Amino acid sequence: MSHSQNGPKLQTVNLVHKASSIDKQWSPRIVAEMNDYQFKVVRIEGEFIWHSHPETDEAFLVLEGELRIDLPHGSVFVGPGELFVVPRGVEHRTASEAETKLMMIEPRGILNTGHEGGERTAQNDVWI
Ligand code: NI
């Protein structure tokens with residue numbers, strides 16, 4: 001059961017606290033929904049896999065640490081308080097040298113590995 005079926009949560013969400021309480025890295029957790037979009041927090045460290053999302057853009061807001069996003073023509077570095085949007089269909093790979101906490105904004109139902117599948121695919125629709 002997702003929280004969304006219990007009606008709106010009229011609560012402030014502390015993104016850093018939520019991200020800090022996730023039990024393992026690379027496991028996105030939903031903290032809020034807005035229309036068909038989900039706000040997910042995650043803790044990451046190391047490198048993810050290359051993938052793309054043909055159906056949607058994907059936004060990354062860094063909370064703590066430094067996120068590197070590898071793109072076909074180079075890498076961008078995103079720091080705390082900074083936002084980066086990966087356009088739909090563009091191959092990307094997220095990475096960080098030290099643990100980094102961030103929020104992703106994307107439509108409901110998007111898998112973290114796009115259509116690559118495999119062991120790095122996280123379970124969807126898990127709230128925290
Ligand atoms: Ni992605």
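Residues take their numbers from the sequence shown, with the count starting at 1. As the structure is a computational prediction, the values presented were derived from the model and not from experiment. Indexing begins at 1, ligand by ligand and atom by atom, following the structure's order.
For the ring pair (Phe, Tyr, Trp, His ring centres under 6.0 Å) condition, the pairs that include at least one residue of residues 16-41, sequence neighbours left out, are Trp26-Phe48. The ring pair (Phe, Tyr, Trp, His ring centres under 6.0 Å) contacts involving residues 65-109 comprise His51-His92, His53-His92, where partners must be two or more places apart or lie in separate chains.
Looking at heavy atoms from C-beta onward, Glu106 lies out of side-chain contact with Gln38 at the 4.5 angstrom threshold.
Scanning for side chain to side chain contact (heavy atoms under 4.5 Å, CB included) contacts around Glu45 gives Gln25, Ser96, Glu99, with sequence neighbours left out.
For Arg68 and Glu97, the salt-bridge test fails: no basic side-chain N is under 4.0 Å from an acidic carboxylate O.
Between Leu67 and Phe60 the shortest heavy-atom distance is CD2-CB, 3.9 Å.
Distances shorter than 2.8 Å separate the Ni ion (ligand 1) from the protein N/O/S atoms His51 NE2, His53 NE2, Glu58 OE1, His92 NE2.
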